[in-house]
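Notes follow once the structure below has been shown.
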Protein chains: 2
Amino acid sequence: METRARLEEAAVALTLRDGPEQVTIDAVSERAGVSPRTFFNYFDSKEDAILGIHDVELTDDFLAEHLARADGAETVESVTGLLFAIIGPAITDPALHESRVQIIKSNPQLLGRQVSQFTRMAGQIVDAITALLARDPRFSDLDPNNAQPTAELLLALCSGGLRAAVKEWIAAGSDSPAAELEQRAAALVRQTVERLT
Amino acid sequence: METRARLEEAAVALTLRDGPEQVTIDAVSERAGVSPRTFFNYFDSKEDAILGIHDVELTDDFLAEHLARADGAETVESVTGLLFAIIGPAITDPALHESRVQIIKSNPQLLGRQVSQFTRMAGQIVDAITALLARDPRFSDLDPNNAQPTAELLLALCSGGLRAAVKEWIAAGSDSPAAELEQRAAALVRQTVERLT
DNA sequence: TTGCGCAAATGCAAAATTGCAGGGATGCAA
DNA sequence: TTGCATCCCTGCAATTTTGCATTTGCGCAA
């Protein structure tokens with residue numbers, strides 16, 4: 001098994017047994033059969049390993065795949081879709097999924113990590129959204145000065161939607177298919193935006 | 001001078017001279033005349049000290065003052081106002097203001113700290129927003145299950161607006177009065193929301 | 001087989017962060 | 001004055017995190 005996968009497995013197993021606070025990097029590393037230093041070659045923090053969070057390489061291919069449908073006025077759906085593509089693997093991976101849901105349910109603070117993950121990649125994501133806006137008829141007339149802040153706002157909005165959706169999903173028992181989170185997030189966003197006008 | 005103020009002054013001065021990376025807690029503490037351990041009694045991190053970030057006690061009085069005008073449909077304005085009241089002191093304090101702007105301009109990553117600050121206080125803020133929504137005619141019919149996610153979304157949206165406004169303000173030279181950031185943030189939010197409908 | 005080159009893994013040291021326990025000043029009540 | 005509670009500060013140890021230099025293992029070409 002890959003080193004990364006072994007570290008994730010170890011982090012999840014030990015956290016399930018002892019709780020996030022009690023788990024040490026040393027213990028996780030040892031269980032995974034690597035040195036503690038190696039742990040940090042794969043994850044930025046203990047929490048990242050527990051949740052299976054890792055930075056995604058936002059290649060052109062990746063962006064093209066997830067922003068493809070935004071040839072019209074589907075910007076919100078595209079952005080939530082992109083974000084879900086980034087965090088999805090961590091909660092849809094069947095092997096660790098159930099344990100992770102369990103862990104988050106008793107340790108909701110861990111979800112805060114999603115925020116920092118998006119923050120870390122914010123620059124790239126904002127650029128991608130900026131490009132997206134040019135193709136949305138509702139935004140294509142923005143002058144470049146406003147496009148950047150607008151893209152940041154959209155990122156914040158959609159991140160919030162996705163996080164709220166995940167939170168809700170976990171609280172409700174996470175029995176519905178995880179893939180629906182994407183639609184739920186977009187629906188939450190649309191719902192809220194409509195009420196604001 | 002208060003210990004907290006001395007620590008802020010020391011952090012800003014040393015950062016201005018050497019850059020954020022080079023500054024050590026030891027150096028800041030020594031310059032402030034306290035032990036390194038005391039530093040962490042006041043701030044959660046080096047960045048927090050540089051930016052003058054500290055958790056605000058969200059008392060009933062504080063909330064009442066900043067949410068007062070939300071007796072009607074001014075939810076966005078109220079929330080951005082509340083958030084600005086939290087971060088405002090750090091950038092409006094005349095003593096350190098100029099230096100901080102300078103520092104952020106060459107180290108934009110520091111603004112990410114705003115996000116974690118709001119994340120830390122998210123629970124309380126979301127509760128306050130939830131109460132606010134009940135008084136906004138556009139939201140008062142929400143069933144309690146949806147009120148919480150909606151409040152989270154609003155927080156994310158307004159935080160994003162404020163952060164974008166601050167970023168823009170710094171980039172533009174931060175010559176306009178800082179108090180206008182509040183309106184600018186709300187305007188950005190309204191602008192974006194309107195285009196989405 | 002030998003040697004080269006790369007990526008992964010490691011060791012080490014410095015710095016950041018946190019929990020816990022204690023120490024000293026200050027003010028207030030008996 | 002004495003005793004007590006409280007707040008601020010401190011010391012110390014364990015853990016986390018990062019930067020830098022080095023080593024190891026493996027495939028691949030000569």
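In this text, all values refer to a predicted model and were calculated from it rather than measured experimentally. Just so it is clear: chains get the letters A, B, ... in the order the sequence lines come, proteins before strands, and each one is counted from 1.
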What residue pairs, at least two apart or across chains, pass salt bridge (Lys or Arg N to Asp or Glu O under 4.0 Å) with a residue in residues 50-64 of chain B?
-> D55(B)-R120(B)

Under the 4.5 Å side-chain heavy-atom rule for ILVMFWY, direct or indirect, which residues accompany V115(A)?
-> V115(B)

Between the side chain of W169(B) and the main-chain N/O of S176(B), is any donor-acceptor distance below 3.5 Å?
-> yes

Just checking, any donor-acceptor pair under 3.5 angstrom between side chains of T38(B) and S35(B)?
-> yes

Represent DNA chain D in dot-bracket notation, 5' to 3'. Only Watson-Crick or G-U wobble pairs with both distances under 3.5 Å count; pseudoknot-style crossings use [ ] and interstrand partners use |.
-> ||||||||||||||||||||||||||||||

Under 3.5 Å, side chain of R6(A) to main-chain N/O of G33(A), donor-acceptor pair present?
-> no

Considering residues at least two apart in sequence or located in another chain, which fulfil the salt bridge (charged side-chain N to carboxylate O under 4.0 Å, His left out) criterion with D127(B)?
-> none

Identify, residue by residue, the members of residues 35-47 of chain B with a heavy atom below 4.0 Å from DNA chain D, and return them in order of residue number, or none.
-> S35(B), R37(B), T38(B), N41(B), Y42(B)

Under a 4.0 Å heavy-atom cut-off, which of residues 5-30 of chain B touch DNA chain C?
-> V23(B), T24(B), I25(B)

Residues 83-100 of chain A vs salt bridge (Lys or Arg N to Asp or Glu O under 4.0 Å), sequence neighbours excluded, gives E8(A)-R100(A)

Salt bridge (Lys or Arg N to Asp or Glu O under 4.0 Å): pairs with one or both residues in residues 157-179 of chain B, sequence neighbours excluded | E152(A)-K167(B), E168(B)-R184(B)

Could you list by number each residue of residues 49-60 of chain B showing a heavy-atom separation from DNA chain C of less than 4.0 Å, or answer none if no residue does?
-> none

For residues 104-114 of chain A, run the donor-acceptor check on the side chains, cut-off 3.5 Å, and write out each pair with its distance to 0.1 Å, sequence neighbours left out.
from: S106(A); atom 1: OG; to: Q102(A); atom 2: O; distance (Å): 3.1
from: N107(A); atom 1: ND2; to: I103(A); atom 2: O; distance (Å): 2.9
from: R113(A); atom 1: NH1; to: S45(A); atom 2: OG; distance (Å): 3.4
from: R113(A); atom 1: NH1; to: D48(A); atom 2: OD1; distance (Å): 3.3
from: R113(A); atom 1: NH2; to: S45(A); atom 2: OG; distance (Å): 3.4

L83(A) and F118(A): side chain to side chain contact (heavy atoms under 4.5 Å, CB included), yes or no, with the steps?
-> CA-CA 8 Å; L83(A) 297 179; F118(A) 291 147; 3.7 Å; yes

For A128(B), check side chain to side chain contact (heavy atoms under 4.5 Å, CB included) against everything at least two apart and list the hits.
-> L63(B), L67(B)

How would you list all residue pairs meeting salt bridge (Lys or Arg N to Asp or Glu O under 4.0 Å) that involve residues 21-31 of chain B, not counting sequence neighbours?
-> E9(B)-R31(B)

